[in-house]
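Atoms considered below: every heavy atom in the structure, side chains included; atoms not considered: hydrogens, waters and symmetry mates. Quick note on labels: first sequence line is chain A, next is B, and so on, each numbered from 1.
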There are 2 protein chains.
Amino acid sequence: MATTSTSRVTIYDVAQRAGVSKSLVSLVLRGSPQVSPARREAVQQAIDELGYRPSRAAATLAGQRSNTIGVVIDDFANLWFVDLLAGLREGLAGTTFHVSVADAALNSHLAESPVHGYLSARVDGLVIAGEPRTADAAGVGVSTVVVGVRRQGVAGADLVFADEAAGSAAAVEHLAALGHQRIAFLAGDSGPALERERSYREAMAARGLTLHATPRGGTDEASGHAAAATLLADEPQVSAIIAANDLMALGAWQALREAGRSVPADVSLVGYDNSPIAATGIVDLTSVDARGAEVGRLAAQALIARIDDPTRPPTTTSVQPRLVLRGTTAPPPR
Amino acid sequence: MATTSTSRVTIYDVAQRAGVSKSLVSLVLRGSPQVSPARREAVQQAIDELGYRPSRAAATLAGQRSNTIGVVIDDFANLWFVDLLAGLREGLAGTTFHVSVADAALNSHLAESPVHGYLSARVDGLVIAGEPRTADAAGVGVSTVVVGVRRQGVAGADLVFADEAAGSAAAVEHLAALGHQRIAFLAGDSGPALERERSYREAMAARGLTLHATPRGGTDEASGHAAAATLLADEPQVSAIIAANDLMALGAWQALREAGRSVPADVSLVGYDNSPIAATGIVDLTSVDARGAEVGRLAAQALIARIDDPTRPPTTTSVQPRLVLRGTTAPPPR
DNA sequence: ATAGAATGGTCGAGTTTGAAC
DNA sequence: AGTTCAAACTCGACCATTCTA
């Protein structure tokens, strides 16, 4: 079995052992139907006996394709991508593509950007689930789909994103239906956060309600806390808060607690992303589900189609978000 | 710039344009000091003008090394690995290794295991941060470090893990110092969970306290909820609960709330992992910090050393965990 | 079903160059 | 002027596959 062979076992070794040519081994490896069952069996046996592992590098070099799809995300700490990856995988079922994930931080010790790394790796497709670099705006030379609403586009890429407008509208509608009038929005400066804010403004205007949007800041828990604290000091009459994401909502909750306001009795709270943290029973945060899994599934579809025909015109697909009602929203206090 | 060249630009094209041999281009690419500034400059200019991207596949094939480290984790949804990756990256600073992350689920549409995928990719090193497959116990033929306490070992691999015994002991000690006697443990069936349970038992025995460990179940929120619900029904006199991880602690908290017991006034609660979710102000869960970043840093060190000298005897390194005190522990009710 | 060219790099050995002895 | 030597550069075999014929 695990013979400590001096050199690696190659396709030649397998071919020799099975008594066939190396080309035939290659065919078996890639599951070609043009191989007789007897030969296939013999080759497979030789592979097992020798413990042969095909070299992906050689296959990529010779085949001009890596059979790999690269996924670039902003940050592993951002929980949103967990769903996205799950959907991506689902959409890739039935294909033989490998999936490789990189975040900008992970390889920050190298000068190179993740996108360039994947380009060097000759990926067959690229999923950019974060803000694209300006340098990549002109196109990256490989089938690409950009996920999420981004400030920066990538030429020739397909687009898949959640319809943030519908999400904010649903949140506003839910709160308005409960009787809230003074509904605030905790704004952030990422692409999706901007879009969520924009549509919050629209939804409020459509109802003739007064806007209460905070200045744009970061999108983490501390930013949510700070923004909410300022908001509560300036406009204590606010009875509901929509945050640009769940983490900010948690920060806001903390600020509310510190201000002696209870959720949802005094103030209703709606997050955005429906992240795992919102779903825990102890947090139980009403949140807009951005449908990451569905976005991932559609992104996979778009990518497969583009790899199949790189000349097809870029498409734009949006997914309807869903408001997940939990325990942080209630009618305003009388 | 972006000339839509028919075929890819290769090292030959760059060499020709710069008026040097392809070997010299290769030397520039890898930052060799044996190149005159003038030539280096010329080559770099040619690279920029042509938009050349080296082929990693070719480099790996020719160089017999991929300059890549593969990281295998159980599941992206497990937040623990976020810290681990951060530490890994830190430990890899100054090297030119690329880092690639795969979880078992992500490529589940392929028959192949992540480890085998990385073997085919000819990674220079492997970090296994999950339960190794039995098939890999005999060794995988590449420098490997296993992270965390696992039931299954990998021959020849270095080991880096948090000292779970010290973690459980710290939790028990903290609770005992607050005056708790009836301290329960929510057990799970993963490698680390078993170890945490084992040392909980030891720490309790050392203090002459009666054990209250639940039967081992899953390690997710629902499992924590179920285990705690049963525990509260069977042994309502318990005044403190240590969970095998944070998610289980959240589930337990929910069960406590449903039973009308408040945290920490009626029952104290300690989680394990110090995950981001525990750190949020709204949850504020006392938790044992498994020091993922430190583990990652040490894993990187061990791996670098092993890649440097594959014959060195396997090492075992443990990291002292730290109990992070937050708002879910207090003296028992009188 | 197979031989042989092609893929795009790396690597070690060898060649050139120019200055120092 | 001839020899020596290191630094700078080039040559060509080789890596393990796929693809064409």
Give, ordered by number, those residues of residues 35-45 of chain A having at least one heavy-atom distance below 4.0 Å to an atom of DNA chain C; if nothing qualifies, reply none. A:Val35, A:Ser36, A:Arg39

Salt bridge or not for B:Arg312 and B:Asp158, using N-O below 4.0 Å? yes

Let me know the distance between CD of A:Gln16 and C1' of C:dT2, rounded to the nearest Å. 16 Å

So do B:Arg306 and B:Pro314 actually touch side chain to side chain, heavy atoms under 4.5 Å? yes

Determine whether more than 12 heavy atoms belonging to other residues, nucleotides or ligands lie under 6.0 Å from atom CZ of B:Arg65. no

Produce the list of close N/O pairs, under 3.5 Å, pairing protein atoms with atoms of nucleotides 17-21 of chain D; give distances to one decimal.
unit_1: D:dT17; atom_1: OP1; unit_2: A:Tyr52; atom_2: OH; d: 2.8
unit_1: D:dT17; atom_1: OP1; unit_2: A:Ser55; atom_2: N; d: 3.0
unit_1: D:dT17; atom_1: OP2; unit_2: A:Ile11; atom_2: N; d: 2.9
unit_1: D:dT17; atom_1: OP2; unit_2: A:Tyr52; atom_2: OH; d: 3.4
unit_1: D:dT17; atom_1: O5'; unit_2: A:Tyr52; atom_2: OH; d: 3.1
unit_1: D:dT18; atom_1: OP1; unit_2: A:Arg30; atom_2: NE; d: 3.4
unit_1: D:dT18; atom_1: OP2; unit_2: A:Ser26; atom_2: OG; d: 2.1
unit_1: D:dC19; atom_1: OP2; unit_2: A:Arg30; atom_2: NH1; d: 2.7

Passes side-chain hydrogen bond (donor to acceptor under 3.5 Å, both in side chains), B:Ser100 versus B:Tyr118? Steps please. CA-CA 9 Å; B:Ser100 170; B:Tyr118 280 137; 2.9 Å; yes

Check step by step if side chain to side chain contact (heavy atoms under 4.5 Å, CB included) holds for A:Leu303 and A:Ser143. CA-CA 7 Å; A:Leu303 194 54; A:Ser143 297; 4.2 Å; yes

To the nearest angstrom, how far is B:Gln34 atom CD from C:dT10 atom P? 16 Å

Worked verdict on B:Arg151 versus B:Glu131 for side chain to side chain contact (heavy atoms under 4.5 Å, CB included): CA-CA 7 Å; B:Arg151 278 165 298 205; B:Glu131 190 61 37; 3.6 Å; yes

Please report the distance, rounded to the nearest Å, between CG in B:Asp13 and C1' in C:dG8. 10 Å

Side-chain contact test, heavy atoms from C-beta onward, threshold under 4.5 Å: evaluate it for A:Arg150 versus A:Pro132 and give yes or no. yes

Global bending angle along the helix from C:dT2-D:dA21 to C:dC21-D:dG2, which compares the axes of five pairs at either end, to 10 degrees: 50°

Find the distance between CD1 (A:Ile73) and CZ (A:Phe81) and round it off to the nearest 0.5 Å. 4.5 Å

Got more than 12 heavy atoms from elsewhere within 6.0 Å of CD, B:Glu112? yes

What is the separation between atom CG on B:Leu24 and atom P on C:dT15, rounded to the nearest whole Å? 18 Å

Let me know the distance between CZ of A:Arg56 and C1' of C:dG9, rounded to the nearest Å. 19 Å

Using the rule given for salt bridge (Lys or Arg N to Asp or Glu O under 4.0 Å), can you reason through A:Asp13 versus A:Arg8, listing the C-alpha separation, both sets of side-chain angles and the distance that settles it, and then say yes or no? CA-CA 9 Å; A:Asp13 303 322; A:Arg8 283 201 165 283; over 6 Å; no

A:Leu50 and A:Val14: side chain to side chain contact (heavy atoms under 4.5 Å, CB included), yes or no, with the steps? CA-CA 7 Å; A:Leu50 295 172; A:Val14 174; 4.1 Å; yes

